[in-house]
Trainee: 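Pasting a structure below so you can have a look.
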Protein chains: 2
Amino acid sequence: MTRPAQPLRRERRPDQRPQELLEAALDVFARKGYRAARLDDVAEAAGVTKGAIYHYFDTKEELLLGVVEHFQDVAFGRVEDVLRDKTLPPSARIGLLVRRMFSNPDRTRGELFLVLLRDVAHEMPRVHHRWLRTGPMRLWGLIASLVEEGKEAGEFRADADSEVGARLLVSGLMLQLIWQQHAPHLREITIDEERVVNAAVELFLASLRSVG
Amino acid sequence: MTRPAQPLRRERRPDQRPQELLEAALDVFARKGYRAARLDDVAEAAGVTKGAIYHYFDTKEELLLGVVEHFQDVAFGRVEDVLRDKTLPPSARIGLLVRRMFSNPDRTRGELFLVLLRDVAHEMPRVHHRWLRTGPMRLWGLIASLVEEGKEAGEFRADADSEVGARLLVSGLMLQLIWQQHAPHLREITIDEERVVNAAVELFLASLRSVG
DNA sequence: AGATTAACATACTCACGGGTATGTTACTGC
DNA sequence: GCAGTAACATACCCGTGAGTATGTTAATCT
C-alpha cells in the first residue's frame, strides 16, 4: 500500500497501556495460539508496535504470564459473593459457582485455558503450573470444600469422594466447552452450552445424593 | 565431537520403516509438542535422517495425521471384544470399556490426545476434527449407546441424559489424566490414576441409577 | 524554555527449522 | 554383473519471528 510514511499514532498512556496489551494479547493468543501468535500481531491489535510491548514486558512468556494473572483474578473476583453467602445450601452454591464460571460468554472464561491447554503446557511448565494452581485446582478445591460442608449438613452422603468428583466436574466441563467453542462447525459436537453445564451439575449432585 | 564422517547406518527396510517413523514421531511429539518437535529429532529417534521421513510423508502435518490414524486404530482394536460381549450387562461393559481406554500405561493412550489437545487444535483444524471424530466422539458415542441399552434393560433410569453424561465422563477423565501425566512433580495434582478412573465410573453410574 | 527521561516507533540481527535439491548406495530384475 | 530405481543420506535455501539497538517525540521538572 506504499505507506506515506505517516509516523504511527503517538499517544502516551502509560497507565492504560499494560492492560490494553494484556487484552490484545489474550485476543490474539486465543485466535492464533501462543506460538503462532506474533508479537507484531499483538502490537497491531493494541494499536501500537512491538517496541511498546517490550517496554512493559521483558519477553513473550512474561506477557503470557501477565495475561494469566490478570484474567484469573477477574474471573475469581466475580464469584466471591457466592462463596461467602452462607444462607444458601452447599448444593445451590456449587451450582451457582460452576454456572458462573463456565456459562459466561465473555473473554474472562474460555479463551484463557484454551490457550494454556495448547502450546503452553509442555513448553513452559512454569507458566502452566502457575495456571493450574490458580485456576482449575483452585476451583475444584472450592467445590470439594463445599461438598464437605454438604456432608456435615447431611445433604450429601458421607462416603462420597469429594476430591475426585470435583476434579472430574471441572475438567469435564472445561474440555467440553473448549471443544464446543473450538469446533462450532462440527455439527456432531455442538450442543447447547447451558444444557451441558446444567447436566454436569445435575450429574455431579445426583451422584453425591444417591444411596451408593 | 568432530564426527569422523562415518556415513550413517544404511539399512533399508521399506516395510518396517513407516511404522518405526510413526512410533518415533509419537514419542517426540509427546515429549516436545508438535510445533517444538523438529523433524530432525524424529529422524534421530528413528535412527535415520530427515530425508527418510520425506520419502514416506509429504509434510510434517501428513506425518502427524499418520500417527493419529495408526494409534487410534490400535487403541480401539483392543476394545472390540468388550463391545461385542452381550453376556455382560451394559454397566459392566461401560466399566470395562472406560478402564481399558484410560488405565493403560502404554503409548497408545495418553500421549496422542495430549499432543492433539495442544498445538494441533487451532492451527490444523483438519487434523483436529479427524481426531475428535475417530477418538473422543467415537468413545462417548459407544458409551451413550451402552447407556441406552441399560435403559431398555431397566438398569438405568429412563430420563437420564446419556449423551451429555457420556461426554463429561470422557472429557473429564481425559483432562485429569493429561494433567497427571503432565505434571507428575506437582504434588497437589497427583492422585492414583486407578482411583480417578474408578471414581469417575462410579460417579457416572451412580448418577444413572439414582432416583432423580 | 531547555534538559531529562519515559514512552514509544523503526530498523535490524540472527537462530531456527521446514522444505528441497542433489548425491550415494543397496536391492531387484534381467 | 549390470542398469535402473528405490531407499535413503547430505547440504543447502529461505521464510519467519523473537529479541535488540537505536532513533524520536511527548511529558515533566526546574
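Chain identifiers are assigned alphabetically (A, B, ...) following the order of the sequence lines, protein sequences preceding nucleic acid strands; residue numbering begins at 1 within each chain.
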Trainee: Is Arg17(A) near enough to dC8(C) that one of its side-chain N or O atoms lies under 4.0 angstrom from OP1 or OP2?
Mentor: yes
Trainee: Name all residues meeting the side-chain hydrogen bond (donor to acceptor under 3.5 Å, both in side chains) criterion together with Asn198(A); count only those two or more places apart in sequence or in a different chain, and write none if there are none.
Mentor: Arg99(A)
Trainee: Heavy atoms from C-beta onward define the side chain here; which of dA6(D), dC8(C), dT10(D) lies closest to that of Thr49(B)?
Mentor: dT10(D)
Trainee: Quick one: closest heavy-atom pair of Ala43(A) and Lys50(A), and the distance?
Mentor: CB-N, 3.6 Å
Trainee: In degrees rounded to 10°, what angle is found between the helical axes fit to the five outermost pairs at each end of the helix from dA1(C)-dT30(D) to dC30(C)-dG1(D)?
Mentor: 10°
Trainee: Tell me, please, which residues at least two apart from Asp41(B) pass salt bridge (Lys or Arg N to Asp or Glu O under 4.0 Å).
Mentor: Lys32(B), Arg38(B)
Trainee: Base, backbone or nothing for each nucleotide of nucleotides 12-19 of chain C, written B, S, -, heavy atoms under 4.0 angstrom, 5' to 3'?
Mentor: -----SBB
Trainee: Let's test your reading of the model: under 3.5 Å, does the base of dA26(C) pair with the side chain of Arg12(B) as donor and acceptor?
Mentor: yes
Trainee: For Glu149(B), which residues count as a salt bridge (Lys or Arg N to Asp or Glu O under 4.0 Å) partner, sequence neighbours excluded?
Mentor: Lys86(B), Arg93(B)
Trainee: Would you please name every residue forming a side chain to side chain contact (heavy atoms under 4.5 Å, CB included) with Arg13(A), sequence neighbours left out?
Mentor: Glu11(A), Asp15(A), Gln16(A), Arg17(A), Glu20(A)
Trainee: State which residues pass side chain to side chain contact (heavy atoms under 4.5 Å, CB included) with Gln19(B); sequence neighbours excluded, sorted by chain then number.
Mentor: His70(B)
Trainee: I need the CG-P distance between Asp15(A) and dT28(D), as an integer number of Å.
Mentor: 10 Å
Trainee: How long is the span from the CD1 atom in Ile53(A) to the OG1 atom in Thr59(A), to the nearest 0.5 Å?
Mentor: 11.0 Å
Trainee: Could you check how far CZ of Phe57(A) sits from C1' of dC8(C), rounded to whole Å?
Mentor: 15 Å
Trainee: How many Å lie between CG on Leu64(A) and P on dG17(D), as a whole number?
Mentor: 17 Å
Trainee: Rounded to whole Å, how long is the line connecting atom OH of Tyr56(B) with atom P of dA6(D)?
Mentor: 12 Å
Trainee: With respect to the phosphate group of dC8(C), does any side-chain polar atom (N or O) of His55(A) fall under 4.0 Å of OP1 or OP2?
Mentor: no
Trainee: Please enumerate all residues that pass side chain to side chain contact (heavy atoms under 4.5 Å, CB included) together with Ala52(B), with sequence neighbours excluded.
Mentor: Val48(B)
Trainee: Could you tell me how far apart Ile53(B) (CD1) and dA9(D) (P) are, to the nearest whole angstrom?
Mentor: 10 Å
Trainee: Residues two or more places apart in sequence or in another chain: which of them pass side chain to side chain contact (heavy atoms under 4.5 Å, CB included) with Lys60(A)?
Mentor: Phe29(A), Tyr34(A), Leu39(A)
Trainee: Whole angstroms only, please: what is the CG-P distance between Leu21(B) and dA7(D)?
Mentor: 12 Å
